[in-house]
Amino acid sequence: MSLFPLFETIAIIDGKPQNLAYHQARFEHAMRNYFQIEPKLQLAEVVQVPAEHQQGLVRCRMDYSAHHFELTFFPYQPRQIQTLQCVYVDEIDYRFKYSDRSQLEVLKNDQSDEVVIVHQGYVSDCTIGNLLFFKAGRWYCSEDYLLKGTQLSKLLDEQKVELIKLPISDLFCYEKVMIINALNSFENGQILPISNIKS
């Protein structure tokens, strides 16, 4: 087992950690359900941004175990994604934010910039975040996500996104797709036409 089996990725904007309440909630869920212990750590107390990372958008990675953690900070450069390819899987488990991402990495291919994971016939996530789909003025997300991201939790609370059952047969009824994660917010997300997804 890895020294730090789980991790959190936190966006830092001009020295300020973003959406910490959602990261705290997911951290506490992991502590109780993965490590089987009561959480004691408060992320607001331990995520101290170094002076050299007080400007711009910075990625903070917190690797952690039941009793230890490690923080690393580095400037964030978003991936430029233009094409997505559907990949079909019967069994996959990413209920927690595992440091071992091999089961996601193996799904990638040379035919596209990113993949759309189709799990047992239903659209799920991509390898780097949740997927949002746009139709008739409204954004939706599949309820069959692998991992509930902090951005998705925030958008659901704000009622900007609705969870739906999304069979692969309905995918191309939507107009647009957006990838969201801790460092790619709804407001700044890259929106692509649904035709950029290859089945």
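Counting begins at 1 with the first residue of the sequence. We use all heavy atoms of the structure for the numbers below, so side chains are in, but hydrogens, waters and symmetry mates are not.
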- Query: Is any side-chain N of the basic residue among E187 and K160 closer than 4.0 Å to the acidic one's carboxylate O?
  - Reply: yes
- Message: Closer than 3.5 angstrom, by distance alone: can the side chain of R26 be matched with the main-chain N or O of E8 as a donor-acceptor pair?
- Response: no
- Item | Pairwise side-chain contact, I37 with M31, heavy-atom cut-off 4.5 Å (strictly under) | yes
- Can you tell me how far CD1 of I180 sits from CD1 of I128, rounded to the nearest 0.5 angstrom? 11.5 Å
- Message: Between Q190 (side chain only) and I81 (backbone N and O only), is there a donor and an acceptor less than 3.5 Å apart?
- Response: yes
- Message: Can you confirm whether L152 sits close enough to C141 that some side-chain heavy atom of one is under 4.5 Å from a side-chain heavy atom of the other?
- Response: yes
- Query: Would you call T83 and K198 a side-chain contact if the rule is heavy atoms closer than 4.5 Å?
  - Reply: no
- Query: Can you check whether F4's main-chain N or O pairs, donor with acceptor, with S99's side chain at less than 3.5 Å?
  - Reply: yes
- Query: Quick one: do L107 and L84 end up in the same hydrophobic cluster if we chain Ile, Leu, Val, Met, Phe, Trp and Tyr together by side-chain heavy atoms under 4.5 Å apart?
  - Reply: no
- Message: Could you tell me if the side chain of F186 sits less than 4.5 Å from the side chain of M178, heavy atoms only?
- Response: yes
- Message: Quick one, D125 with Y94, criterion side chain to side chain donor-acceptor pair (under 3.5 Å). Give me CA distance, side-chain angles, the key distance, then yes/no.
- Response: CA-CA 10 Å; D125 292 329; Y94 204 71; over 6 Å; no
- Query: What pair of heavy atoms forms the shortest contact from V58 to L183, and how long is it?
  - Reply: O-CD2, 3.8 Å
- Query: Does D14 come within less than 4.0 Å of K16, counting only side-chain N to carboxylate O?
  - Reply: no
- Closest heavy-atom contact between L147 and N130? O-ND2, 2.9 Å
- Determine whether V116 and V123 make a side-chain contact, defined as any pair of heavy atoms from C-beta on separated by less than 4.5 Å. yes
- Query: So, Q48 side chain and E45 main chain: donor-acceptor pair closer than 3.5 Å or not?
  - Reply: yes
- Task: Describe, in one word, how the ring planes of Y174 and Y140 are oriented to each other, choosing from parallel (under 30°), tilted (30 to 60°) and perpendicular (over 60°).
- Result: perpendicular
- Message: Just by distance, no angles: are the side chains of S185 and Q151 close enough, under 3.5 Å, to form a donor-acceptor pair?
- Response: no
- Would you call L192 and I179 a side-chain contact if the rule is heavy atoms closer than 4.5 Å? no
